[in-house]
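Below is one structure, written out as structure tokens, with a few remarks after it.
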Amino acid sequence: MNIEISQVANLPSRFGDFKVKAFKEAEKEHLVIYKENLDETPIVRVHSECLTGDAIGSLKCDCRDQLEYALKLAQESNGMVIYLRQEGRNIGLLNKINAYALQDTGLNTVEANHQLGFASDERTYEIVTYILKYFNISKIKLLTNNPDKINSISDIEIVQRVPIVMEANKHNIDYLNIKKDEMGHML
Ligand SMILES: [Zn+2]
């Protein structure tokens, strides 16, 4: 992998003070948000970009709530959030909005992705192993409800799965149920 790595910088945030470092992988630029005194076996959240949720506050998904929960927990536990730029489960923003348009006609999130010719989840996690090794982290507690993520992170010992528990709303309840029923998420 040809990865370009930034300097470390301070990032004061509404969740407290963090350090940040960017990792550039081909055209994708990822951000690692972490505490200076990283725990020996830190709680790590691997968050995939969701512009509509993270930045706009969309209620179609639970991404922003999960991100904020992860940042708070990272702050409290000397942990890390790895923010991966794989928008729309890695189909990109334009395709994600096309999938949303199909959802407006009654398809669910998995059916919409399939209709556009994509798998239900196109994300990959090789860069996560690279980043954790860069920080000399060999053991983590992984903050996730997604069993695929546990299996996809190789060469790193996941000593514990820490669940993220979010409250559903009327807009995302169907989406959360699909995640649980068709994508194996532990909700
Ligand atoms: Zn989202």
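As the structure lists them, so they are numbered: ligands from 1, and atoms in each ligand from 1.
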*Please determine, by modelled atom types, if Lys60 and Thr109 share a side-chain donor-acceptor pair under 3.5 angstrom.*
no
*How long is the gap from CD1 on Ile5 to OH on Tyr134, to the nearest 0.5 Å?*
5.0 Å
*Could you give me a count of protein N/O/S atoms that are under 2.8 Å from the Zn ion (ligand 1)?*
3
*Check: Arg123/Tyr125 side-chain N/O donor and acceptor closer than 3.5 Å*: yes
_Before you tell me yes or no, could you show the steps for Ile3 and Lys24 under side chain to side chain contact (heavy atoms under 4.5 Å, CB included), namely the whole-Å CA-CA distance, both residues' side-chain angles and the distance that decides it to 0.1 Å?_
CA-CA 5 Å; Ile3 312 279; Lys24 185 169 184 182; 5.9 Å; no
_As a test of understanding, state which of Ile164, Ile82, Leu67 forms a side-chain contact (heavy atoms from CB on, under 4.5 Å) with Arg45._
Ile164
_For the residue pair Gln7 / Lys21, report whether a side-chain donor-acceptor contact shorter than 3.5 Å exists._
no
